Amino acid sequence: MSNLSVWDPIAVGHCQQLAVALPGRVATPGTPPYDAFSKHFWSLQESTISPPCVLEPRSSSDVSSMIDALTKTGHECPFAVKGGGHSPYGGYANIHNGVVISMAGLNTMEISDDHSVVKIGSGLTWLPVYEFLDQIGGLAVAGGENGDVGVGGLLVGGGISILGPRVGWSCDNVVNFEVVLSSGQIINANQTHHSDLWKSLKGGTNNFGVVTRYDLATVPQKGGIWAGSLEFSTRSYSDIFRAFVQIADSSEYDPYAFFSLELRFQNTSWSVETVLSYSREVDTVSPPIFQPFLDLDSRANFSSKNTNFTTVANRGSQSPSNQIALSTGTYKINMDLLDFIFSSTDAMVRELSELHNNKLFWQVTFQPLPAAWNNQTRAKGGNSLGTDRIEGNSFVMLVTAMWPDNSLSAVTQSALETMQQIIDYYANSRHLKRDLVYLNYAGEAQSPLLSYGKENVKVLAQTAKKYDPDGVFQRLVPGGFKLSKGRHNLENII
């Protein structure tokens, strides 16, 4: 190891001891495995953090040994757990004065004899999962839209999938979690064993243990899927929003349909595109549900094809080059609200872009959350999100900001938070706001766990105390949305 003086001596000592105890499982600065680790993040905030070593388990037993070493009384060491590395916030899946457990080596997949369940190692991203199932044929899973997203982060944060209208939240389809607890014990959490932990992990993120394997129910898939994109030439935003409302708020929403409406500001102007998915093949230009978009703009750049999940999810990966921040809200579907979101965002982003010398990228995404989506939760044993309380159709808003200049991070983050507050105030004043702050889209200043509702948060806190009585995943794993921070403090809930 080189340049050890920049790190906490306790963390360095653990790295040295683990290198002896687990040969071949510890990567240090200047080695190819360590360099590869640093490149596999989404944001500069995460990739520029340098731990003294990275632990690379290849089994749940390895993870158990590592946690045991890191949590010994008198020799505790802070640590982070990295799956796909898609969270943008510094310290969520990385750590400076501590060590990182990289799950990349837990990358096995196995299909059950009856093809009803696929067992997925927690180090995988979604693209190899889709490749594996497409090769078998006739099967799908409710995974991430982007194949470069990690399996684990998506599932313990809830999970939006193009299969959502058919099967609910991605986490609703997890039939079993293999988990390493803070004691080092390896357990399985499912509907019949440790069912409280099973439910809490479905939305409760990294507050309970390290998940080493996800057993996910497969979805029968006859043939491929249809995918399309439509880039509008029109700048009649109200007409575009009206088409969105017509589709997303239908009382007979087609469960095979999923789409995103994406408004992108780059350089000095906006562009508008809708990304369309239909989870079965069609023999027409487009499924009828999407016709309001097609009718809107005859000059739009439209493309579509029957394809498979692998092709749709294969968006490529690249080394991090930007600071990134997110923000989100969930709302009733309302034309005036969509108009307000765009108009209020437009003025603020144009002013902010000038500070960035027009190097700011800003995207506002609307995704439907039809009533049938949340109805799946009750039938599948429940989750922690609290969305089973929602009646009627909704939509989720995701705001993504990207910029290269770190010196402008504070002002950009502040503008994003202010914009979210303005939108939420408007929605609340018109009784359009839903409680859910979707964790996987949440901003660092938001409180997604609190949005699940008081009773659900109480259950999460009780589950954390039961399975992690010493609070290891609250004290020693600082990254992520924690139950022990701020208004989520366990002592204030139980």
Side-chain angles (χ1 to χ4, degrees), residues 60 63-64 67 81-84 87 92-93 101 103 106 117-124 141-144 149-161 167-183 185-217 376-378 380-388 436 438-440 442 448-453 455-469 471-474 477 479-484 488 490:
S60 55
V63 175
S64 176
I67 290 179
V81 181
K82 177 183 178 291
S87 174
Y92 273 45
I101 301 177
M103 308 299 284
L106 279 74
V117 174
V118 58
K119 298 180 178 181
I120 307 170
S122 61
L124 285 164
V141 287
V149 169
V151 167
L154 182 93
L155 292 175
V156 297
I160 287 178
S161 163
V167 301
W169 294 95
S170 298
C171 67
D172 289 334
N173 298 276
V174 179
V175 298
N176 182 75
F177 298 92
E178 181 184 76
V179 190
V180 180
L181 303 179
S182 59
S183 64
Q185 183 184 4
I186 303 170
I187 66 171
N188 286 282
N190 49 58
Q191 196 160 14
T192 55
H193 297 88
H194 309 291
S195 59
D196 51 351
L197 180 58
W198 174 64
K199 182 177 178 179
S200 292
L201 281 166
K202 295 191 283 184
T205 192
N206 66 344
N207 285 285
F208 315 101
V210 177
V211 181
T212 51
R213 194 188 75 232
Y214 297 85
D215 300 351
L216 196 59
Q376 295 283 340
T377 297
R378 303 183 192 92
K380 296 182 177 180
N383 60 40
S384 301
L385 304 175
T387 55
D388 55 331
L436 179 69
Y438 174 46
L439 187 143
N440 289 336
L449 297 178
L450 191 65
S451 77
Y452 297 172
E455 287 305 311
N456 281 334
V457 176
K458 183 176 181 179
V459 170
L460 292 177
Q462 292 170 336
T463 303
K465 280 196 173 255
K466 176 180 176 180
Y467 290 94
D468 181 22
V472 165
F473 289 95
Q474 306 303 315
V477 184
F481 294 101
K482 313 304 292 189
L483 285 162
S484 58
H488 296 155
L490 302 184

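Here the structure is a predicted model, which is why all the values come from computation and not from measurement.
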> Mind checking whether Y92 and F481 have parallel, tilted or perpendicular rings, split at 30° and 60°?
Replying inline: perpendicular
>> Any donor-acceptor pair under 3.5 Å linking the side-chain atoms of T212 with those of S60?
In response: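 Note: S60 and T212 side chains miss the donor-acceptor criterion.
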> Just checking, is any N or O donor in the side chain of D468 or S182 under 3.5 Å from an acceptor N or O on the other one?
Replying inline: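 A donor-acceptor contact under 3.5 Å links the two side chains.
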Could you check whether any side-chain heavy atom of [X] comes within less than 4.5 Å of a side-chain heavy atom of [Y], counting everything from C-beta outward?
X	Y	value
K458	Q462	yes
I160	Y438	yes
V477	N206	yes
T377	K202	no
R213	N176	yes
T205	K482	no
F208	D196	no
Q376	W169	no

Supply the atom-to-atom distance [X] [atom1] to [Y] [atom2], rounded to the nearest 0.5 angstrom.
X	Y	atom1	atom2	result
T463	L201	OG1	CG	8.5 Å
L439	S451	CG	OG	8.0 Å
N188	D215	CG	CG	7.0 Å
N383	D172	CG	CG	4.5 Å

Indicate the atoms forming the closest heavy-atom contact of [X] with [Y], along with that distance.
X	Y	answer
S384	K199	OG-O, 2.9 Å
L385	G157	CD2-O, 4.2 Å
Y214	V156	OH-CG1, 3.7 Å
N190	V175	CB-O, 3.1 Å
L154	G143	CD2-C, 3.8 Å
N173	V167	ND2-O, 3.3 Å

>> The test is side-chain contact (heavy atoms from CB on, under 4.5 Å); show your working for V118 and V141 and say whether it passes.
In response: CA-CA 9 Å; V118 58; V141 287; 3.8 Å; yes
> With distance as the sole test, does S122 use its side chain to make a donor-acceptor pair with the main-chain N or O of G152 at under 3.5 Å?
Replying inline: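 Checked: no pair found.
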>> Is there a side-chain contact (heavy atoms from CB on, under 4.5 Å) between V459 and Y452? Walk through the geometry before answering.
In response: CA-CA 11 Å; V459 170; Y452 297 172; over 6 Å; no
>> For a side-chain contact (heavy atoms from CB on, under 4.5 Å) check, start with the C-alpha distance between Y467 and V179, then their side-chain angles and the critical distance, and finish with the verdict.
In response: CA-CA 10 Å; Y467 290 94; V179 190; over 6 Å; no
> Taking only residues two or more places apart in sequence, or in another chain, which ones meet V174 in a side-chain contact (heavy atoms from CB on, under 4.5 Å)?
Replying inline: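 For V174, the residues satisfying side-chain contact (heavy atoms from CB on, under 4.5 Å) (neighbours in sequence not counted) are L155, F177, L216.
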>> Would N440 and V149 count as a side-chain contact (heavy atoms from CB on, under 4.5 Å) here? Give the steps.
In response: CA-CA 11 Å; N440 289 336; V149 169; over 6 Å; no
